[in-house]
Asks: 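What follows is a structure written as C-alpha cells; I'll ask about it next.
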Amino acid sequence: MSVLREIAITTEHDIVLCRRACREVAKEYHFNLVDQTRITTAASELARNIFEYAKTGTVTIVILDGPNGDVGLKAVFQDNGPGIEDIDSAMREGWTSHKGMGLGLPGSRKLVDDFDIQSTLGEGTTVTITKWRKQG
Amino acid sequence: MDYRVPILKIRDVLIVPIQIDLDDNTAARLQHDILTRIEQTGASGVIIDISVLDMVDSYLGRMLGDTAVMATLMDASVVLTGMQPQVALTLVELGLKLDTIHTALDMESGIELLDAMKKA
Amino acid sequence: MSETTLNRRQLSDLISISAGMLRLKSIEGVCQTTAEAMVKHSVFARCVVSLLEPDDTFVRLGFGGLNAKEISALRDMPKSTLESMQDQLVKKFLIGRSYYMPHDQTDMQGLESSKKAKGRSKTDNQWHPDDFLFIPLYNPDNQIIGLISVDDPADGLRPTEEILLPLELFATQTAAVLENLRNVERQQEMYEQLRNQQMVVLELSTPVIQVWEKVLVLPLIGSVDSARAQQIMENVLVKISETSASVIIVDITGVPVIDTLVASHLIKTVSAARLLGTKTIITGINPEVAQTLVHLGVELSEIATRSNLARGIAAALEMTGKQIVDVD
Ligand SMILES: Nc1ncnc2c1ncn2[C@@H]1O[C@H](COP(=O)(O)OP(=O)(O)OP(=O)(O)O)[C@@H](O)[C@H]1O
Ligand SMILES: [Mg+2]
C-alpha cells in the first residue's frame, strides 16, 4: 500500500482538484472508463461535503494490493468538522440538514464497492471508499 | 479562477458549450448568465453542450436541472446535448434523473428538437 | 463572455461535420476533416492541424487549402515542440481561446513559414502574411493536445473574437472526438495486454443489432443475472453513443423471469439512455415480468412498451419519422 496523493480541502476549487486527482490515479491504474467516472463522481460529492460542512479537511488516495493480484483504489475523506449526529439518517436518500438534495452520501455509496463512515459529534467525520478494479 | 463559459446566440437559440470541468462558483454563475441572456435576447431555446465533460456530479446536475425549470418559467426550452455514456450511467446510479431537462445526442439533434418543439 | 449573432449556416455546417467526425476511426482522418472544414467554412484559406505527441513535439496531420508540394515541404520541416511554442502561447496574444501573433511581435519561424510575403502595406487591422493564428485543441483538463493553425483570411483582416468563436466551438468538438479515439486506443492496448497475459477475457453474448439507421435492438435471451445485467447496460449505452441511435428497443421475450435487481438495472438503462437523448421501448413483457415491474414501483409513464418486437420496430421507425406501409 502506498499513498499516492494528498489533497487539502480549503477552498471550493479544491473540490475540482480532488476529483481530478482521483481521475488521474484511476486512469493510471487502468480502471475502466465507467469506474473512473464512478470514483471521480463519488470523490466530488464527498470533497464537497467536507468543504460545505467542515470547511477544511484532507483527502488521501491510496492504491491497495488485494489478494490474487487485485488492485483497489481507496480514498479517505477526513475532517475535524462538527460531525454527524445521526449517521443512519444522513445515509438516507433525500435526507439533508441544509438545503441539499441528500444525494451525496447515499449516492456515492452506490458508486463504490466498499463504503465506511465514522463520525463523532464535535470531533469530525471520516468517510472511506474503495473501488476494486474489474478484470477483463 | 475567473473563467466564464461563452454563450453564443444564433437566431433565437443560445448555445452554451461547457468546455472545461467547472467548479461550483463558475457553474452557479453560468446559471445566472444563461437566465440573464434569455431575458436580454428573448431567446426561445438554449442548448447546453456537455460532450467534453467527463463527469457530472449532483451539484452540476442540479444546476442544469434547475436552469431548465427556470428557463421554462421564462418561456425558453433547454436541451442538454452530448452527454457521454459513462457520465449518464453514473448520474443515474448516483440517483439523479434530471427529468426536468430535454436531452439530445448532439448539438445538431438538439437544434432539431428545439425546432420541433417550437412547431408543436 | 461574448454574444454575437452568427452566421447560422456556418455553425450548423460545422456542427454537422463534427457530428460526422464521431464516426471516423482514425486520428489522422479527424485532423484532415477538421482542416478541410476550416478552409471550407471559415474566412481562412489555409489550415494545418497538428497534434502534440507524448514526447511534446507537434506532428502535422491535417492540411486544408495546400497543394501536395506544400504539404510535403511542411512534412519535411523540423517539428515544433511545446517548449519552442512557450513564447507564442502567452496571454498577450490571446483572443478568445485562440492565439494571434502579429508578425512584428514575434520572431517565430514556426509551423508554416513556407509562405511568401505578398508585400501588402501594413495598416492596423490588416492581416500580414507572416502573422500567425493558432486555435488550440484542449482536453477536458484544459491542457493543449494540439493546434489548428490558420492563414490567408479572405477578408485580409486580423481576426476578431466574433470570427473565432464558431471556429473555437468546432475545435472543442474536434478535441473531444480525438480524446475519445485516444481512449479507445488505450482500452484496446489494455485488452491486448490482458490477452497476452493469457487471462480469461469474459466475452459477452449480448449482441446489439442496428435494424435501421437510428434504431437499435437489444434482444435479451435466457436468465440475466445481476453481473451480466450490469455489463449489458454499459454495452448498450456505449453502443447508443457510437451509433447515434435515437431509439433502442429492448426485447425481453426470451427472458422468462426477471428478479428485482435485474429489473432495476433495466430501469437504470432506460433513464441513462434518456440522458443521452435516446428513447427506449421495451417489448415482449410477459405476465411475471409485468408483476415484477409493478411491485418495484416502476413509473410506467416513463417507459414505452409494445407487445412484441415487430410492433416495437414499427413504433421506433415512426418515432424517427419513418413509416411501414403495405406495398400492393
Ligand atoms: N463531512 C461532514 N461533516 C458534517 N456533516 C456532514 C458531512 N457530510 C455530510 N454531512 C451531513 O449529512 C447530510 C447528508 O449529506 P449528503 O451529502 O448525503 O447530502 P447533502 O450534502 O445535504 O446534499 P447533496 O450532497 O445532495 O447536495 C448533510 O446534510 C450533512 O448534515
Ligand atoms: Mg453533500
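As the structure is a computational prediction, the values presented were derived from the model and not from experiment. Computed from heavy atoms alone, side chains included, the values below leave out hydrogens, waters and symmetry copies.
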Asks: Side chain, backbone, both or neither: which part of I15(A) has a non-hydrogen atom closer than 4.5 Å to chain B?
Replies: side chain

Asks: Between the main-chain N or O of D24(B) and the side-chain N or O of E12(A), is there a donor-acceptor pair closer than 3.5 Å?
Replies: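 Pair found, side chain donor or acceptor close to backbone of D24(B).
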
Asks: Give the intermediate values and the outcome of side chain to side chain contact (heavy atoms under 4.5 Å, CB included) for residues D21(B) and R19(A).
Replies: CA-CA 10 Å; D21(B) 188 1; R19(A) 67 190 181 218; 2.5 Å; yes

Asks: Shorter than 4.5 Å, heavy atoms on both sides: which option in K110(A), R23(A), R48(A) has the most such pairs with chain B?
Replies: R48(A)

Asks: Any idea which heavy atoms bring E93(B) and R38(A) closest together, and the distance?
Replies: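 Answer, listing the atom of E93(B) first, then R38(A): OE1-NE, 2.6 Å.
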
Asks: Between T90(B) and T41(A), which heavy-atom pair has the shortest distance, and what is it?
Replies: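 That would be CG2-OG1, 3.4 Å.
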
Asks: Around atom CD of E28(A), are there more than 12 heavy atoms from other residues, nucleotides or ligands closer than 6.0 Å?
Replies: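 Yes, the 6.0 Å shell around CD holds more than 12 heavy atoms from other groups.
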
Asks: Can you measure from CG (N32(A)) to CD (Q86(B)) and round to the nearest 0.5 angstrom?
Replies: 9.5 Å

Asks: To check you understand the geometry: which heavy-atom pair defines the closest contact between V34(A) and L89(B), and what is its length?
Replies: CG1-CD2, 3.7 Å

Asks: Going through the distances and angles, do L94(B) and E45(A) end up as a side chain to side chain contact (heavy atoms under 4.5 Å, CB included)?
Replies: CA-CA 10 Å; L94(B) 187 67; E45(A) 297 298 335; 3.7 Å; yes

Asks: Tell me, for R109(A) versus chain B, whether the close heavy atoms (under 4.5 Å) come from the side chain, the backbone, both or neither.
Replies: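 R109(A) has no heavy atom closer than 4.5 Å to chain B.
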
Asks: Looking at every non-hydrogen atom in both residues, tell me the closest pair between H13(A) and D23(B) and how far apart they are.
Replies: ND1-OD2, 3.2 Å

Asks: Could you go through M101(A) and L96(B), starting from their C-alpha distance and side-chain angles, then the distance that decides it, and tell me whether this counts as side chain to side chain contact (heavy atoms under 4.5 Å, CB included)?
Replies: CA-CA 10 Å; M101(A) 287 182 296; L96(B) 210 64; 3.8 Å; yes

